[in-house]
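Shown next, in structure tokens, is the structure this report addresses.
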Amino acid sequence: MAGKQYKPAQIEPKWQRYWDENGVYRTGSGTDRPKYYVLEMLPYPSGVLHMGHVRNYSIGDALARYKRMQGFNVLHPMGWDSFGLPAENAAIKHNRDPREWTRSNIAAMKRQLRSFGFSYDWDREISSCEPEYYRWNQWFFLRMWERGLAYRKKSAVNWCPECATVLANEQVVAGCCWRHEQTPVEQQEREQWFFKTTAYADELLAALQELQDGWPERVLTMQRNWIGRSTGTEVDFAVEESGEPIRVFTTRVDTIFGATCVILAPAHPLVERLGCGERGRSMAAEAATKAPDDLEKRGFFTGRYAINPYSGAKVPIWVGNFVLMTYGTGAIMAVPAHDDRDFEFCRKHGIDILPVIRPEAGQLADANTMDTAYCGYGVLENSGRFSGLTSAVAIRRMSEHAEREGFGKAAVSFRLRDWGVSRQRYWGTPIPMVRCAVCGVVPVPDEKLPVLLPPDVKLTGSGESPLRECPDFLHTDCPRCGGEAERESDTMDTFVDSSWYFYRYADPKNSAAPYESATARSWFPIDQYIGGVEHAVLHLIYCRFFTKVMRDLGVIDWDEPVRRLFTQGMVIRNGRKMSKNLGNVVSPEDLVEKYGSDTARMFALFAAPPDRDLDWQDEGVEGMWRFLSRVHRFVAANAGPAAAARPRPSNSDDRAALRKLHQTIAKVTTDFETRWHFNTSIAAIMELTNELHARASALSEGVMQECLQRLTLMLSPFAPHLAEELWRQLGREGSVLDAGWPESDARLAKEDTVEIAIQVNGKVRDRLTIPKGLPRGPLADRARQAERIRALLAGKTVRKVIEVPDRLVNFVAF
RNA sequence: GCCCGGAUGGCGAAAUCGGCAGACGCAGCGGACUUAAAAUCCGCUGUCCGAGAGGACGUGUGGGUUCGAGUCCCACUCCGGGCACCA
């Protein structure tokens, strides 16, 4: 497919029409190349292609073929993830070089995908595990560093004392190491590298607005919640005696007169200074390693008090395991009367409850008798000079008051955190930084990139980062002073690779830059991105962040990487998603062996619409194979010379066949253009086949050939091998992909008559075949005359008649 | 605990804008062809009552809106996925 040229002049109007329909999207100037961009998520090089993959890739492949048949230039490339953790695990377990493991798995996977006939642009293939890709990962890292978007800070990691290794969350099982089930995982503070995603929090949120038309609502919702912007107030409570401020963040400063304690996160620095460091640390460790479900809300009193700056009230300072150090300020005020969780906590620990908000139409709750918190807005009571104000007004005035008095201010808080990119692993892009005793942290200069992994490393799975054990790698000269220095031994999260890999597709061989801006511009932003919904918040936020950073670097001039997003459902088997980890995969190889890849992928598409989770069952593959065989036999039996001109229908069977044909084309085309419910497209093609089968002997030669030809074309995106074969049997030249997508003729598709339902009081009592388009009035008259209806209406008064042309008539009668 | 989904026959599902529930396929049953089997072709197939005509019921549960609800609203149940306990 590569290098195939299409005629832009033919294509441009179609392109425009397609996107203008919703008024959402224009391609800009007419000089732009016509384009369409389909993209898959990076497949994991596990070496195993399972039916979950096949289903997912089939979606993109069918779309790519359809768009090619329509005459678009399609960029449909394939890329490979280095997939750090599994590769390294395999290396440890089987004593294999992770590079060799990854590459051989990629090769195996590629063979399988090719055998399925997927139409990827293999000449644009990229692998994020190759040195050239490291170079550009590192290049981006350095640009971020220069702009203060990459920084180092102390952050907690899971640590197994037995392996002396950092563990991923995935490797922590019930609070213990996956390999040492008796060894509790510890929390260890380490210097780690971060990307400042929060610098773009506001923009990442605001820009979701622009994606409204092209992205699934549920993904937008998840991202909105993930970024979690909330406006509120920061207030300093003062520790009694020392006067040290405890800054809390609250969205409900109007309830602050009802605050009856202050609760600190276990990891809050003040916990140490209040003399509770020991208890705080053990609580922090527990909170970090336990699943939220298993974590009971607990807390302890520090024995100290803080002063509420609004009311002057003295409230106890507690530490609670449910308070997050990473959100807000790491400390909260508890208002039990007006917050469910605070209510529960304070009841349990016998802390005072003090209602201060009265519902707009209601009474102030009684602290002694209330059994749930009142969390709504209302009117303030017992709130000093703010009593009598409504919540909305009070929140504004009280924030202003705090700012004037210098103990707080209105503030915006995000749930989104900076992105920790450090990994203590071997198999990833090395972070291009050097630590010099004299100069401090110094970046590796561009011309020294890429920093490559040392080739001979023993991977044992225990001990510090493998790179730390490697003196040749670790020891280097300081790029600034030339003195002795040590390389950063952390490698990058593989999410860094996947945040910009798609740009590289536009220019995969470039050795002077990640990609050339002008080349990227002709393809980007991505028109259609396809991926699993599991990426809704991580990958799909990171890649949006990267695009914004690139824009600010001046590399590109657009804001969002993806215009339209499609999230496919998961394949569920035995109640869990199909994955190699869970060992519940169905291998396509057996199916391919028995029925061929066309049957396998078409069955996967037919089983359920692609955005929906699919419960996998083998039953039914047989049926798809029968269908394709039936089509094959039918074409073989009826193939004849191509008609020179548009065939004229010569009898009613011809007309019926052509009608069905054009209805099917319309159906399949709309499905491709809108929602990709290929199961119904395929059902429509089956219906057409059944219809042709039933009328075969009565059809005139020209109509038969026309129907066979278009049936073949419509089958092509779903069953490419069969379609090519049929195309040849029909005596056509070239590839079916070059033949063009058939157009539906609305006049031929039109039905003359339609069957409507006649209801009496909402129950269907009769059906009637009438000319299509019969308007209201005559419609009801016809319905009223139906025999059964006459009988039912006899002796009753018709109160109301509802007429829906071409659908139904409903008589409301008593 | 929080966020996001889902629930329709024996099974996978369809119903795209509130308008005939169950398209298409699987499984099953009956028939044709066959010495027989396979393959193929034709027909039936939501549940209950009825000999039949026909009737009643029916889209996880309970309410509501409407002439009319699988579809909209409220309250729940169960299942799946994600998570950083989100103040």
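Just the heavy atoms: all of them, side chains too, but no hydrogens, waters or symmetry mates, feed the values below. Labels below follow one simple rule: chain letters A, B, ... track the order of the sequence lines, proteins then strands, and each chain is numbered from 1.
Across all strands shown, B:C49 is found opposite B:G54 as a Watson-Crick or G-U wobble partner, with both distances under 3.5 Å. Under the Watson-Crick or G-U wobble criterion, with both distances below 3.5 Å, B:C29 is paired with B:G43. Across all strands shown, B:U34 forms no Watson-Crick or G-U wobble pair with both distances under 3.5 Å. In a base pair of the Watson-Crick type (N1 to N3 plus N6-O4 or O6-N4) or a G-U wobble (N1-O2 and O6-N3), with each distance short of 3.5 Å, B:U77 is matched with B:A7. Searching all strands for a Watson-Crick or G-U wobble partner of B:U16 with both distances below 3.5 Å returns nothing.
Heavy atoms of A:Gly623 sit under 4.0 angstrom from primed sugar atoms or phosphate atoms, though from no base atom. Looking at heavy-atom distances under 4.0 Å, A:Phe811 makes no contact with the nucleic acid at all.
Anti is the conformation of B:C72, whose glycosidic angle sits further than 90° from 0. Using a 90° window around 0 for the glycosidic torsion, B:G5 falls outside it and is classed as anti.
Of the residues in residues 215-225 of chain A, those lying under 4.0 Å from RNA chain B by heavy-atom distance are A:Arg218, A:Thr221, A:Met222, A:Asn225.
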Polar pairs (N or O, both sides) under 3.5 Å between protein and nucleotides 10-15 of chain B?
unit_1 : atom_1 : unit_2   : atom_2 : d
B:C11  : O2'    : A:Gln617 : OE1    : 3.2
B:G12  : O2'    : A:Ala607 : O      : 2.8
B:A13  : O3'    : A:Asn679 : ND2    : 3.4
B:A14  : OP1    : A:Asn679 : ND2    : 2.9
B:A14  : OP2    : A:Arg612 : NH1    : 3.3
B:A15  : OP1    : A:Arg675 : NH1    : 3.3
B:A15  : OP1    : A:Arg675 : NH2    : 2.6

Do any N or O atoms of the protein come closer than 3.5 Å to N or O atoms of nucleotides 39-44 of chain B, and which pairs are they?
unit_1 : atom_1 : unit_2   : atom_2 : d
B:U40  : O3'    : A:Arg633 : NH2    : 3.4
B:C41  : OP1    : A:Arg630 : NH1    : 2.7

Between protein and nucleic acid, restricted to nucleotides 65-75 of chain B and to nitrogen or oxygen atoms under 3.5 Å apart, what atom pairs and distances do you find?
unit_1 : atom_1 : unit_2   : atom_2 : d
B:C67  : O2     : A:Asn810 : ND2    : 2.7

Could you write out each protein N or O paired with an N or O of nucleotides 46-53 of chain B at a distance under 3.5 Å?
none

Under 3.5 Å, which N/O atoms of the protein pair with N/O atoms of nucleotides 54-56 of chain B?
unit_1 : atom_1 : unit_2   : atom_2 : d
B:G55  : OP1    : A:Arg788 : NH2    : 2.8
B:A56  : OP2    : A:Arg765 : NH1    : 3.4

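Both A:Met325 and A:Ile682 sit near RNA chain B, but only A:Ile682 has its closest nucleotide nearer the 5' end. Where A:Met624 and A:Leu324 meet RNA chain B, the nucleotide closest to each residue was compared, and A:Met624 sits on the side nearer the 5' end.
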